Amino acid sequence: MSGKALNIGDQFPNFTAETSEGRIDFYDWMQDSWAILFSHPADFTPVCTTELSRVAALIPEFQKRGVKPIALSCDPVESHKGWIEDIKSFGKLSSFDYPIIADDKRELALKFNMLDKDEINAEGIPLTCRAVFVVDDKKKLRLSILYPATTGRNFDEILRVIDSLQLTQTKSVATPADWKQGGKCMVLPTVKAEDVPKLFPDGIETIELPSGKSYLRITPQP
């Protein structure tokens, strides 16, 4: 039986697991950082190798944002350690600086609803899909994305979303379609007109619309 689906804003459950860097308690490992937990169908597979290599290369970008990456695959630790050498070779990496969880009993894959019923291994067991969970420093789930096993993830997009989550957590803005760091933002509808000068000293632009409603208010990124 699979676990209860997690919704954005839910407390992300703590867990202990064996990893390529030893046994961890997830909360203790996170400390006061954010985390991105992302799952993989199996070790020594082509798309997964490109993904873990990309994340390893992006470690400085995750560190700038106070985010710790951790991967999960349904193979044992010794397999992960051998696979890491392939990942480093493929990505021309001198080091591999984040852990891979060994979920060979699929306990976490079930707990977090990570299984892909359309992707079956040689033993007839479903593989994990490409799940992405972003957990904030309060241990709350802030983002959940599920990709099928055949589609590799866009980690530039995941960094973009983290930028938006961290910006909108502290400022009274939302980010529009295709927003990137430094781009213009939308003033939240809950912000009253009299509060605009204090909150947005750089000013706002209100877009005229056929409805006559003044809800499209644009401002430089605070």
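None of these values were measured; they are calculated from a predicted model.
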Tell me, with the steps shown, if V135 and M30 meet side chain to side chain contact (heavy atoms under 4.5 Å, CB included).
-> CA-CA 9 Å; V135 183; M30 280 185 67; 4.0 Å; yes

Given R54 and E51, is the salt bridge (charged side-chain N to carboxylate O under 4.0 Å, His left out) satisfied, shown in steps?
-> CA-CA 5 Å; R54 176 70 174 144; E51 289 190 316; over 6 Å; no

C48/T45 under side chain to side chain contact (heavy atoms under 4.5 Å, CB included): CA gap, chis, key distance, verdict | CA-CA 6 Å; C48 301; T45 52; 3.1 Å; yes

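Residue V47 is not grouped with residue I87 when hydrophobic side chains (ILVMFWY) are merged at heavy-atom distances under 4.5 angstrom, including chains of intermediate members. Follow the hydrophobic side-chain contacts under 4.5 Å out from L52 and you reach I59 in the same cluster. Cluster annotation: Y27 is connected to I101 through the hydrophobic network of ILVMFWY side chains, with a link wherever side-chain heavy atoms come within less than 4.5 Å. Under the 4.5 Å side-chain contact rule for hydrophobic residues, L143 and V173 do not share a cluster.
Between F38 and F155, the angle of the ring planes goes over 60°, which puts this pair in the perpendicular group of the 30/60° scheme.
Within the 4.5 Å cutoff, the side chain of I36 has heavy atoms near those of the V132 side chain. By the 4.5 Å heavy-atom criterion applied to side chains, I218 and I207 are counted as neighbours. Contact of the L6 side chain with the P13 side chain is registered, since non-hydrogen atoms from C-beta on lie closer than 4.5 Å. Side-chain contact between I162 and V67: present, with at least one pair of heavy atoms (C-beta onward) separated by less than 4.5 Å. R142 has its side chain out of reach of F133: every pair of non-hydrogen atoms, C-beta onward, lies at least 4.5 Å apart. Residues P220 and D202 meet the side-chain proximity criterion, which asks for heavy atoms closer than 4.5 Å. Side chains of V196 and R217 form a contact here, defined as non-hydrogen atoms less than 4.5 Å apart. Residues I100 and I84 are in side-chain contact: their nearest non-hydrogen atoms beyond the backbone lie under 4.5 Å apart.
Between R160 and E157 there is a salt bridge, with a side-chain nitrogen of the basic residue lying less than 4.0 Å from a carboxylate oxygen of the acidic one. Between D32 and K138, none of the side-chain N atoms (NZ, or NE/NH1/NH2) sits under 4.0 Å from a carboxylate O, so this pair counts as no salt bridge. Using a 4.0 Å cut-off between a side-chain N of Lys or Arg and a carboxylate O of Asp or Glu, K140 and D10 do not qualify as a salt bridge. Taking the charged nitrogens against the carboxylate oxygens, E107 and K111 have no contact shorter than 4.0 Å, which rules out a salt bridge.
Closest heavy-atom contact between V134 and W34: CG1-CE3, 3.8 Å. Closest approach of W29 to A35, counting heavy atoms only: CZ3-CB, 4.0 Å. Residues F96 and A56 come closest through the heavy atom pair CD1-CB, 4.1 Å. Considering every non-hydrogen atom in both L37 and M114, the closest pair reads CD2-CE, 4.1 Å. Annotation for P99 and T19: closest pair CB-OG1, 3.8 Å, computed over non-hydrogen atoms. In terms of heavy-atom proximity, S20 sits nearest to V77 at CA-CG1, 4.3 Å.
Panel note: side chain T219, backbone G203; a donor-acceptor pair is recorded below 3.5 Å. At distances below 3.5 Å, not a single donor-acceptor pair connects side-chain atoms of S95 with backbone N or O atoms of D97. Not a single donor-acceptor pair under 3.5 Å links the side chain of T151 to the backbone N or O of P148. No donor-acceptor distance shorter than 3.5 angstrom exists from the side chain of S53 to the backbone of T49, with no hydrogens or angles considered. Looking at S39, its side chain does come within 3.5 Å of a backbone N or O of A131 through a donor-acceptor pair. The backbone N or O of L108 sits less than 3.5 Å from a side-chain atom of D103, completing a donor-acceptor pair. The closest donor-acceptor contact from the side chain of H40 to the backbone of R130 lies at 3.5 Å or more, if one exists at all.
The distance from atom CG of L159 to atom NZ of K180, rounded to the nearest 0.5 Å, is 12.0 Å. Put simply, OG1 on T170 and CG on L165 are 11.5 Å apart, with the number rounded to the nearest 0.5 Å.
Aromatic pair F62/Y98: ring centres not closer than 6.0 Å. Between F12 and F112, the gap from one ring centroid to the other is short of 6.0 Å.
Residue-environment remark: OH (Y215) stays at or below the threshold of 12 foreign heavy atoms within 6.0 Å. Counting heavy-atom neighbours within 6.0 Å of E208 CD, excluding the residue itself, gives a total of 12 or less. Other residues, nucleotides and ligands place no more than 12 heavy atoms under 6.0 Å from the NZ atom of K171.
With R65 as the fixed residue, the salt bridge (charged side-chain N to carboxylate O under 4.0 Å, His left out) test singles out one of D163, D136, D137: D163.
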Side-chain donor-acceptor pairs under 3.5 Å in residues 181-188, sequence neighbours left out?
unit_1: Q181; atom_1: OE1; unit_2: Q221; atom_2: NE2; d: 2.5

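Counting only residues at least two apart or on different chains, the side chain to side chain donor-acceptor pair (under 3.5 Å) pairs with a member in residues 66-76 are D43-S73.
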